[in-house]
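Here's the structure we're looking at; comments come further down.
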Amino acid sequence: MRSLLLPEFTISRSEECDVCRACEHQCPFGAHTYDASNDKMLSDSRRCVGCQRCAVFCPKGAIEIRPAPSFYRPNASWSRERIEDIKRQAETGGVILTGCGSDKPFRIYWDHMLLNASQVTNPSIDPLREPMELRTFLGSKPERILLSSDTDTGTDPFLMLETPVLFSAMSYGAISYNAFQALAIAASRSGTFFNTGEGGMPSEMRSKFKKHAIVQVASGRFGIDAEYLNCAAAVEIKIGQGAKPGIGGHLPGEKVSQHVAATRMIPEGTDAISPAPHHDIYSIEDLEMLISAIKEVTNYEKPVIVKVAAVHNISAIASGIVRAGADILAIDGVRGGTGAAPKVIRDNVGIPIELAISSVDRRLRDEGIRERCSIIAGGGIRCSADVVKAIALGADAVYIGTAALIAMGCTLCQRCYTGRCSWGICTQDPGLVRRLNVEEAAQRLVNLLSAWSHEIKEMLGGMGINAIESLRGNRDQLRGIGLYEWELDVLGIKGAGE
Amino acid sequence: MDFESREVVMSVRRQKLYSKEISACSIFGAMSRAGERFTGERVIQAMAGMHHRGNGLGGGFAAYGIYPEFRDYYAFHLMFTGDSRAQREAKRRAEEFLFRSFDVVHDEEIPHSDVCVRDPPLLWRYFLSPSKHGEDVHLSDDEYVVRKVIHVNSAIDNAYIFSSGKNMGCFKGVGYPEEIGRYFMLERLYRGYLWTAHGRFPTNSQAWWGGAHPFGLLDTTVVHNGEISSYGTNRWYLEMRGYKCTLHTDTEVLAYAADLLMRRHDLPLELVAKILAPPVWDSIDRMDAAERRLLTALRRVYAPLLMNGPFAVIVAQSGRMIGLTDRIRLRPLTVATRGDMFYISSEEASVRRISPTLDSVWSPRGGEPVVCELEGMFERGLEHEIAVTA
């Protein structure tokens with residue numbers, strides 16, 4: 001069936017082009033082809049996904065990718081997206097898939113909150129001259145410390161981070177081996193943690209990165225055995241993720257290479273389907289049993305994280321999870337990324353993480369159980385200011401996924417689900433995987449965390465705070481701007497000028 | 001609910017989330033280690049020497065050992081604010097509650113002179129012992145008193161218990177400290193072995209009597225120079241444990257933190273200082289394993305009680321006085337001794353004003369507590385070899 005979709009991008013090529021064919025090699029979607037009869041490069045705009053790989057790698061800088069000028073007659077009700085989604089479904093009869101986080105213009109509350117700074121009465125602190133501490137502990141905290149002269153039973157297990165940013169779950173299989181390794185290396189060099197996602201951890205990486213790994217237990221139970229659970233600093237039970245609350249995962253068989261298959265403990269080339277429900281969790285009591293089982297297997301030495309998507313009743317859900325024994329609660333907001341999700345789910349289910357953190361933090365405080373659990377917020381963290389605002393709203397630390405991918409080269413072309421990632425990040429194609437240099441990607445990630453850490457220190461210093469723990473839940477340091485009363489109320493902050 | 005009334009409700013609710021006033025001030029403490037009692041005259045003089053550090057919007061004193069005839073009873077100082085009708089109503093409601101919860105052996109208006117001070121509220125004091133009923137019989141006397149104090153301060157409009165310890169009392173109000181001292185006639189009516197005092201320079205404040213220092217709960221009082229930028233974090237941690245911050249000042253959290261750590265959690269003073277103003281991680285990482293483990297556990301468990309921002313405080317309790325600055329020492333604190341007298345002050349000059357000759361004068365390092373205790377009163381323990389169980 002001929003596609004009736006308009007091309008999204010146009011490819012223009014200047015006279016600088018010397019027909020080196022680099023663009024042809026760079027584009028895994030076949031947008032560039034060589035015309036031998038005329039010794040010229042040809043372009044097929046319909047194939048272009050806007051990944052910008054060819055433009056970046058053109059030695060002559062001769063290629064420019066722009067949004068296509070073609071458009072449908074403007075119609076406030078029938079946007080181009082709505083028209084094309086219908087055309088697409090009329091052509092395929094299927095669910096529309098997409099990758100990355102939602103690109104819908106939900107209100108980004110980070111951009112409607114302003115931070116405080118000290119002036120005169122309370123001196124700001126210069127982080128270049130005074131100590132500024134970002135060390136963060138995640139895990140259940142006892143109500144109090146008991147002193148005794150003859151016993152020392154230690155405290156509950158915890159994670160220690162040198163900066164309050166972790167890499168969120170991105171599984172081997174969804175992302176490439178090189179990207180997976182880069183995250184692990186960067187986490188260990190930066191004193192933080194990466195998350196294996198649901199795809200298990202390749203055996204050769206286990207001993208090297210166990211101190212900086214969070215291993216995930218998702219409904220598919222891929223790659224899970226006692227050794228895997230013990231080759232980590234913490235174990236995360238994944239109930240949901242922000243991009244697709246209530247929806248499971250699906251790794252197509254094309255991405256299940258021999259190594260991925262071995263890691264996941266599934267046959268090569270088979271689809272890896274993890275359903276939305278864990279088929280041993282149909283109640284909060286069941287969750288409690290799984291948490292207990294994991295703690296038993298790991299000798300009570302590792303904190304257990306429970307990850308959920310931010311949904312309408314998130315504060316009550318969070319309360320149940322804490323009471324079920326989770327040491328850390330990870331909440332993923334509506335802008336959380338993904339390798340593949342039904343577009344209709346990604347763009348219509350969940351709530352922004354800013355509102356979720358605030359309501360969960362308040363609920364746990366009201367119930368007096370906030371210290372029994374740490375909160376990691378994810379799904380829409382774009383910069384260091386977002387980190388600071390998340391912590392001021394009540395999070396202990398944040399997960400970054402999309403930002404980490406962007407640091408490695410991702411341009412958010414949203415075609416992760418095709419497995420043809422031109423940047424070598426979200427693919428298992430050996431030729432494409434090779435494009436991502438592990439060491440270089442790791443260094444970019446380390447640099448990103450380093451840069452954000454410096455910026456966080458500057459912001460803390462401006463507030464007259466020299467330890468990040470004094471920012472947690474410190475909503476005095478935030479003011480809302482351009483928000484309705486109900487939004488200020490849910491966020492628990494005053495308006496600017498108040 | 002229509003949109004407008006919903007907005008009003010939410011606005012009020014949000015206002016209640018947090019609200020503090022900002023202050024920076026002068027502090028002073030004087031203690032006779034031998035327990036000799038002296039009048040407030042010299043303390044007032046010392047505070048007058050730091051007149052410029054306040055702006056007339058708050059002054060106050062805490063004095064220990066001043067009620068020997070009622071030493072076994074909790075001495076409650078209450079203020080009833082508002083117009084005279086509101087004051088009477090607040091007094092009626094507070095007394096109804098107090099008389100139901102305590103045996104009151106004596107009560108009277110707190111004596112005051114005719115020194116001109118701004119908007120004095122009705123000030124009353126009660127000497128009482130707990131009269132516990134029902135589930136409360138299982139509570140210790142101190143815990144019972146704390147709960148009742150918090151109840152009055154948060155639930156009865158215009159009534160504030162600003163002093164609640166035994167054989168001690170707070171005297172505070174809106175004015176320069178020397179005016180407040182004379183207003184309460186501290187130089188004539190009271191003799192104590194330990195005095196602390198405060199002159200206030202609020203930069204962002206409603207000047208109200210409850211907001212003046214000292215802040216106290218039971219016999220722990222705090223005078224403070226500085227601003228707590230961790231207020232929001234400190235406050236929610238304390239509120240989870242039943243403390244209600246009703247006095248709109250960041251210093252309040254210091255008083256409650258001291259009560260939580262020292263009374264409820266029974267932590268020694270050295271560790272309390274390490275919680276409020278902990279060593280930096282660079283220092284902790286260089287310590288030996290046992291010490292590193294202890295301090296890491298303290299910072300992990302009590303992270304929300306780390307007091308950030310500039311501060312110098314004097315915490316007083318029956319029999320001891322503690323001076324402490326923030327860990328990077330952003331506010332001044334001077335310590336001096338002369339004979340059995342021990343002084344802590346924002347300025348050396350104010351000490352020399354009342355004791356021109358001193359045996360020793362020094363400035364403690366950031367985060368290092370200075371402690372003065374009554375001779376022979378305490379057995380100090382748990383200083384070394386502390387292990388952690390949690």
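In what follows, chains carry the letters A, B, and so on, assigned in the order in which the sequence lines appear, proteins first and then strands, with residues in each chain numbered from 1. The figures that follow rest on heavy atoms only: side chains count, while hydrogens, waters and symmetry mates do not.
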For B/E143 and B/R263: C-alpha separation, side-chain torsions, deciding distance, then whether salt bridge (Lys or Arg N to Asp or Glu O under 4.0 Å) applies.
CA-CA 9 Å; B/E143 183 62 29; B/R263 182 178 62 83; 3.0 Å; yes
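- For a residue to count as touching a neighbouring chain, one of its non-hydrogen atoms must lie under 4.5 Å from one of that chain's; by this rule A/S140 touches chain B with the backbone only.
- Evaluation of the side-chain hydrogen bond (donor to acceptor under 3.5 Å, both in side chains) rule for A/E371 yields A/R472 as partners, not counting sequence neighbours.
- Heavy atoms closer than 4.5 Å to chain A are found in the side chain of B/R327, but not in its backbone.
- Both cation-pi conditions hold for B/R241 and B/Y237: the charged atom is under 6.0 angstrom from the six-membered ring centre and inside a 45 degree cone around its axis.
- At a 4.5 Å heavy-atom cutoff, the contact between B/L330 and chain A is made by side-chain atoms alone.
- Residue B/L298 touches chain A through both its backbone and its side chain, counting heavy-atom pairs closer than 4.5 Å.
- Only the backbone of A/L471 comes within contact range of chain B, judged by heavy atoms closer than 4.5 Å.
- B/Y256 has its ring centre no less than 6.0 Å from the ring centre of B/W236.
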Exercise for review: Evaluate the side-chain hydrogen bond (donor to acceptor under 3.5 Å, both in side chains) criterion for residues A/S453 and A/T163: first the C-alpha distance (whole Å), next the side-chain angles of each, then the deciding distance (0.1 Å), finally the verdict.
Suggested key: CA-CA 6 Å; A/S453 298; A/T163 189; 2.7 Å; yes
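- With sequence neighbours left out, the side-chain hydrogen bond (donor to acceptor under 3.5 Å, both in side chains) criterion links A/T136 to no other residue.
- Most heavy-atom pairs under 4.5 Å with chain B, from the set A/S124, A/P131, A/P123: that is A/P123.
- Top candidate by heavy-atom pairs under 4.5 Å with chain B, chosen from A/E469, A/E133, A/E130, is A/E133.
- Comparing B/V280, B/T296, B/L260 by how many heavy-atom pairs each has under 4.5 Å with chain A, the most go to B/V280.
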